[in-house]
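Model, not experiment: these values are computed from the prediction. Computation of the quantities below employed the complete heavy-atom set of this structure, encompassing side-chain atoms and omitting hydrogens, waters and symmetry-equivalent molecules. Numbering of ligands and ligand atoms starts at 1, following listing order.
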Amino acid sequence: MGYDYLTAYISASAIRENLRLLRQRVAPGVQFCPAVKCNAYGHGLKEVVSILAGQVDCLAVATPAEALQLRDLRYDDPVLLLLPAGADDDAMDIPALLAELLRRGVTLTVTSLQQLRAIEFAAGNREASVHVKVDSGMTRSGVPADDAKALVEAIRAAKNVRLAGIYTHLACADEADKTSARQQLAKFDAVLAECDIHPGDGIVRHAANSPGVIDLPESHYDMVRPGVSLYGYHSSDEMHHRPPLKPCMRLCGPLLQMRRVAPGTRCGYGLTHTFSQAGVVGVVPVGYGDGYPRALSNRGIMRIGGREVPVRGRVSMDQTIIDVSDIPNARVGMEVEIISADENAPNSVAGLCRMLETIPQEVTTRLGHRIERIVVE
Ligand SMILES: *Cc1c(COP(=O)(O)O)cnc(C)c1O
């Protein structure tokens, strides 16, 4: 046990079940490359990797540091770095970074000729393995579809760079109307044809994020890259299919302090809540510094022994006040469930998202470093 108060219990069986549900939607032989970027969406990279190791074909991360963290964890299987490793100019110390990534066998994403030149240089007499990311309509990262052919040909001409894959990313796959996602896939298909890339020729084609995996079989190609669904959350309420994903995290902390309050007592920064009746409050050592949003001030719900208790006053950096007046057996040291793994609970990630008008991954990626992640069955 660590010396901090908060514990996130990460359920291995929930993650395995989610992986199974996702696999059910995908043809056999299609590879799995889950996204474990941003500390495995806040669930703990080390912990999630310990569950996924040996179960999947590849892991996707966003930054060079994340890729190297996987290698530091002795994850020896393929790692795909989703962001291009370096900018299109010399402002960063790219050669050293690239050399380290290549030395440790990280598969790089390329989106421009300039990046390709930098990779060729850094690879020396090693062979660099790269995927080309194509922008098929999201207008974020990726080589513009019109320039993809020239980039692919330059890679084929490079002696020490191997074109291992080509992919795109969908902007609207989680919407009920799949028109835009299908247009992106049509554009991606056109790029594949132009580049003479076909099934079975050893170049891994991929496009599907979670909503692609779940709702768009035509986006599966040779590999899929689910993120949020693997952790047990639904991408949106508009999805056509709703497999029974299991939230994999339960976040708990102890009831630290309790006290009686008289009618008229006010609490928290700004004294924004006034108790109309006598009652009992408790303090939970979680706050916005841990990723428990300040927007839940006077709105959030936690649970003690399965019973709901409201947040009173403002959430502060390290502490949140709850009203335990209706919990007669509440005692200092009792476990408070800050985030529930029961999707239907008001304090589930989905429940918090409804209050906060945001998406699950924003809630989970903000969970901070003071939370100890523990893998449970
Ligand atoms: C984050 C990410 C994913 C995973 O997306 P989810 O919606 O969480 O499934 C897949 N592909 C790319 C390129 C990403 O950046």
Side-chain angles (χ1 to χ4, degrees), residues 15 18-19 21-23 25-26 30-43 45 48 52 56-67 70 78-85 106-111 130-143 164-175 178 180-181 184-185 188 204-217 219-243 245 247-249 349-350 353 358-367:
I15 289 181
N18 296 331
L19 189 59
L21 290 166
L22 295 171
R23 277 195 199 282
R25 306 208 62 83
V26 172
V30 172
Q31 295 182 36
F32 266 73
C33 177
V36 294
K37 58 197 180 186
C38 206
N39 199 25
Y41 286 44
H43 300 82
L45 183 67
V48 168
L52 290 178
V56 297
D57 302 283
C58 178
L59 290 176
V61 292
T63 69
E66 291 174 349
L70 279 173
V79 170
L80 174 62
L81 177 53
L82 294 169
L83 288 179
V106 174
T107 304
L108 302 178
T109 287
V110 184
T111 64
V130 302
H131 288 211
V132 166
K133 183 192 245 169
V134 180
D135 173 24
S136 59
M138 187 165 173
T139 324
R140 194 178 62 174
S141 52
V143 62
I166 184 164
Y167 68 106
T168 193
H169 194 50
L170 301 173
C172 303
D174 61 337
E175 293 178 5
K178 307 293 181 192
S180 145
Q184 280 197 265
L185 293 172
F188 184 51
V204 180
R205 306 159 305 152
H206 50 114
N209 52 0
S210 295
V213 176
I214 293 169
D215 266 2
L216 283 162
S219 71
H220 295 173
Y221 297 94
D222 307 315
M223 185 165 88
V224 295
R225 311 185 303 263
V228 71
S229 55
L230 187 74
Y231 306 102
Y233 315 110
H234 295 277
S235 297
S236 83
D237 295 334
E238 291 187 33
M239 305 277 292
H240 298 178
H241 300 276
R242 211 173 162 83
L245 300 171
C248 72
M249 180 182 60
V349 170
C353 285
T358 188
I359 53 174
Q361 49 273 56
E362 186 180 28
V363 173
T364 61
T365 56
R366 288 192 171 183
L367 297 174

In Å and rounded to the nearest 0.5 Å, what is the [atom1] to [atom2] distance from [X] to [Y]?
| X | Y | atom1 | atom2 | value |
| --- | --- | --- | --- | --- |
| Ser210 | Met239 | OG | CE | 7.5 Å |
| Ser236 | Asp174 | OG | CG | 4.5 Å |
| Asp135 | Thr168 | CG | OG1 | 6.5 Å |
| Asp222 | Asp57 | CG | CG | 11.0 Å |

**Message:** Take a 6.0 Å sphere around CZ of Arg366 and say whether it holds more than 12 heavy atoms from other residues, nucleotides or ligands.
**Reply:** no
**Request:** Give a yes/no verdict on whether any heavy atom in Pro226 is under 4.0 Å from an atom of ligand 1.
**Result:** yes
**Complete:** Within the 4.0 Å heavy-atom cut-off, what Leu82 brings close to ligand 1 is side chain
**Prompt:** Quick one: does ligand 1 sit under 4.0 Å from the side chain of His169, the backbone, both or neither, non-hydrogen atoms only?
**Reply:** side chain
**Prompt:** Are the ring centres of Tyr233 and Tyr41 closer than 6.0 Å?
**Reply:** no
Identify the closest protein heavy atom to [atom]: which residue and atom is it, and at what distance?
| atom | result |
| --- | --- |
| atom 7 (O) of ligand 1 | Asn209 CB, 3.8 Å |
| atom 11 (N) of ligand 1 | Arg225 NE, 2.8 Å |
| atom 9 (O) of ligand 1 | Ser210 OG, 2.5 Å |
| atom 14 (C) of ligand 1 | Lys37 NZ, 2.9 Å |

Report yes if some N/O of [X] lies less than 3.5 Å from some N/O of ligand 1; otherwise report no.
| X | result |
| --- | --- |
| Lys133 | no |
| Ser235 | no |
| Tyr167 | no |
| Ser229 | no |

**Request:** Verify whether one side chain among Arg225 and His169 offers a donor that lies under 3.5 Å from an acceptor in the other.
**Result:** yes
**Item:** Under 3.5 Å side-chain donor-acceptor pair for Thr109 and Tyr167
**Value:** yes
**Request:** Flag the pair Val106 / Val61 as yes when at least one side-chain heavy-atom distance between them is below 4.5 Å, and no otherwise.
**Result:** no
**Asked** In ligand 1, which numbered atoms sit nearer than 4.0 Å to a non-hydrogen atom of Val228?
**Response** 6 (P), 8 (O), 9 (O)
**Message:** Closer than 4.0 Å to some heavy atom of Tyr41 - which atoms of ligand 1 meet that?
**Reply:** 1 (C), 4 (C), 5 (O), 6 (P), 8 (O)
